[in-house]
Engineer: 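Below are the structure tokens for one structure; questions will follow.
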There are 2 protein chains.
Amino acid sequence: MGKLFSINNYNEIKEIFHDKGLKCTPQRQAVLKVLQESKGYLSISKIHRNVKELLPGTGLATVYRSLETLIELNLVVKVHLEDGCHSYAVAPKGHRHPIVCTDCNRVIDYTECPMEDLSKKLTKDTGILIQNHFLQLFGTCKQCQT
Amino acid sequence: MGKLFSINNYNEIKEIFHDKGLKCTPQRQAVLKVLQESKGYLSISKIHRNVKELLPGTGLATVYRSLETLIELNLVVKVHLEDGCHSYAVAPKGHRHPIVCTDCNRVIDYTECPMEDLSKKLTKDTGILIQNHFLQLFGTCKQCQT
DNA sequence: GCCCTAATTGAGAAACTTTCTCAATTGTAT
DNA sequence: ATACAATTGAGAAAGTTTCTCAATTAGGGC
Ligand SMILES: [Zn+2]
Ligand SMILES: [Zn+2]
Ligand SMILES: [Zn+2]
Ligand SMILES: [Zn+2]
């Protein structure tokens, strides 16, 4: 089927798949595109609904599988909400943290990681070897502060 | 039925319930006790299994309901894992962050919040009004570093 | 461009998780 | 002790995620 959508960085995306021996299928592209265009996190069912508009007949199982793949490739992140988990958003590049606007669901990319220094300090202080962390910020974005 | 378990701070707990007009039932006590004694996060099914040892016949729905209540009372927190969410642990008092040992599942209480200064800085820098944050650390505890 | 092959997909079943309903029970205040 | 509203257990119902397998397809080699 080949290139279906005008994802701006299509060749880049294609390479990321091929580097890991994975196929660049229209379904995977569609899931990514839906998230790229939403500018916010989306639940599985919303992703499925939007994907079907681009690619009617796409199965729910495929959406689950695509998200799994996209997360492995670091193209997508899972967003954990206070209750009702498992929404998804496009991944910021590198190690960053998402700021979720609780009004419009938009996900804003936060580029500084306050944990780098802290992790070292903590390991030194407590003896616990910090290996990973999970940080999300919730707030109200500029546009929603009216 | 009244007091069933020797929760050290039984009267304190009872008051917390009564302050909100909630009953201090054996089921709610049992769920709390199970989490207090585990020193780590537990999945719903494990909580249910352990609760039934203290209180045979306790229904699964009641475990769900009790956890909901205990979270509202800030006695329990939901722990979000990288995949497979919705485990639970006793809440640290005040605003703190849990460090989860990825080897033994123990939850260690971390008392400093690195976000306080950061949130203000971020609001100033980006204009986004930071209202809340969700931080968990993952690592290896002393005992598991052998 | 046309095969070949392994990876991927769709559909539905199956497994699993969470919520709901309602009659029976029970904690608490009086 | 009694009354009443809150809570519970059981099972049904709803919702979510994973699995299975035959059919399809992307990508590499010719
Ligand atoms: Zn979560
Ligand atoms: Zn917003
Ligand atoms: Zn440990
Ligand atoms: Zn904090």
Side-chain angles (χ1 to χ4, degrees), chain A residues 1-5 7 10-11 13-32 42-49 51-73 78-88, chain B residues 1-5 7 10-11 13-32 42-49 51-73 78-88:
Chain A
M1 190 173 262
K3 180 175 177 179
L4 240 192
F5 314 112
I7 295 177
Y10 175 76
N11 281 314
I13 299 287
K14 199 171 177 181
E15 255 182 34
I16 294 173
F17 281 109
H18 291 178
D19 283 355
K20 300 248 178 176
L22 297 167
K23 289 183 182 179
C24 187
T25 67
Q27 291 85 351
R28 285 169 177 170
Q29 289 172 53
V31 170
L32 182 57
L42 295 174
S43 65
I44 289 268
S45 56
K46 271 196 189 141
I47 294 171
H48 187 207
R49 205 175 315 140
V51 164
K52 278 193 293 189
E53 274 171 29
L54 294 177
L55 217 57
T58 303
L60 178 58
T62 298
V63 174
Y64 275 101
R65 289 181 290 221
S66 297
L67 286 168
E68 225 178 309
T69 306
L70 292 167
I71 288 170
E72 267 174 31
L73 296 176
K78 222 184 240 186
V79 175
H80 298 246
L81 307 177
E82 285 304 307
D83 49 72
C85 275
H86 299 263
S87 284
Y88 299 84
Chain B
M1 192 174 260
K3 179 175 174 176
L4 241 192
F5 314 113
I7 295 178
Y10 174 75
N11 281 315
I13 298 287
K14 199 173 178 181
E15 257 184 33
I16 295 173
F17 281 109
H18 290 179
D19 282 355
K20 301 249 178 177
L22 297 166
K23 288 184 182 179
C24 187
T25 67
Q27 291 86 349
R28 286 168 176 172
Q29 288 172 55
V31 170
L32 181 57
L42 295 173
S43 65
I44 288 266
S45 56
K46 271 196 188 139
I47 294 171
H48 187 207
R49 206 176 312 140
V51 164
K52 279 193 293 189
E53 275 171 29
L54 295 177
L55 214 58
T58 303
L60 178 57
T62 298
V63 174
Y64 275 100
R65 290 182 288 222
S66 297
L67 286 168
E68 224 180 309
T69 305
L70 292 167
I71 288 171
E72 266 173 32
L73 296 175
K78 220 184 241 186
V79 176
H80 297 246
L81 307 178
E82 286 303 308
D83 49 72
C85 275
H86 298 260
S87 284
Y88 299 83

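Reckoned from all heavy atoms, side chains included, excluding hydrogens, waters and symmetry mates. In the text below, chain A, chain B and the rest are named by the order of the sequence lines, each starting its count at 1.
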Engineer: With sequence neighbours excluded, tell me which residues meet side-chain hydrogen bond (donor to acceptor under 3.5 Å, both in side chains) with B:Thr62.
Structural biologist: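 B:Arg65.
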Engineer: Atom NZ of A:Lys78 to atom C1' of D:dT16: distance rounded to whole Å?
Structural biologist: 12 Å
Engineer: Would you be so kind as to tabulate the donor-acceptor pairs closer than 3.5 Å made by side chains of residues 51-60 of chain A, with sequence neighbours excluded?
Structural biologist:
| unit_1 | atom_1 | unit_2 | atom_2 | d |
| --- | --- | --- | --- | --- |
| A:Thr58 | OG1 | A:Leu55 | O | 2.6 |

Engineer: Could you tell me the separation between the OH atom of A:Tyr64 and the P atom of C:dA14, rounded to a whole number of Å?
Structural biologist: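 Distance check: A:Tyr64 OH to C:dA14 P gives 19 Å.
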Engineer: Which whole-number value in Å describes the distance from A:Leu42 CG to D:dT16 P?
Structural biologist: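 Going from A:Leu42 (CG) to D:dT16 (P), I get 15 Å.
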Engineer: Whole-Å distance between C:dT26 C1' and B:Phe17 CZ?
Structural biologist: 15 Å
Engineer: Kindly write out the residues that satisfy side-chain hydrogen bond (donor to acceptor under 3.5 Å, both in side chains) with A:Thr69, not counting sequence neighbours, or none if the list is empty.
Structural biologist: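 So A:Thr69 forms no side-chain hydrogen bond (donor to acceptor under 3.5 Å, both in side chains) with any residue.
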Engineer: For A:Arg49, check side-chain hydrogen bond (donor to acceptor under 3.5 Å, both in side chains) against everything at least two apart and list the hits.
Structural biologist: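 In terms of side-chain hydrogen bond (donor to acceptor under 3.5 Å, both in side chains), with neighbours along the sequence ignored, A:Arg49 is linked to no residue.
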Engineer: Which whole-number value in Å describes the distance from B:Lys46 NZ to C:dC16 C1'?
Structural biologist: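 Result: 16 Å.
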Engineer: To the nearest angstrom, how far is B:Lys20 atom NZ from D:dA6 atom P?
Structural biologist: 16 Å
Engineer: To the nearest Å, how far apart are B:Glu68 CD and D:dA6 P?
Structural biologist: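 Those two atoms, CD and P, are 16 Å apart.
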Engineer: Restricting to nitrogen or oxygen on both sides, can you table the protein-nucleotides 8-12 of chain C pairs closer than 3.5 Å?
Structural biologist:
| unit_1 | atom_1 | unit_2 | atom_2 | d |
| --- | --- | --- | --- | --- |
| C:dT8 | OP1 | A:Lys23 | N | 3.1 |
| C:dT8 | OP1 | A:Arg28 | NH1 | 2.8 |
| C:dT8 | OP1 | A:Arg28 | NH2 | 3.2 |
| C:dT9 | OP1 | A:Thr25 | OG1 | 2.8 |
| C:dT9 | O3' | A:Gln27 | NE2 | 3.1 |
| C:dG10 | OP1 | A:Gln27 | NE2 | 3.4 |
| C:dG10 | OP2 | A:Gly59 | N | 3.1 |
| C:dG10 | OP2 | A:Thr62 | OG1 | 2.4 |
| C:dG10 | N7 | A:Arg65 | NH2 | 2.8 |
| C:dG10 | O6 | A:Arg65 | NH1 | 3.4 |

Engineer: Taking atom CD of B:Gln29 and atom CG of B:Leu70, what is their separation to the nearest 0.5 Å?
Structural biologist: 10.5 Å
Engineer: Nearest-Å distance, NE2 (B:His18) to C1' (D:dT7)?
Structural biologist: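 Nearest whole value for this atom pair: 13 Å.
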Engineer: Please report the shortest heavy-atom distance between A:Lys23 and A:Phe17, naming the atom on each side.
Structural biologist: O-CD2, 3.8 Å
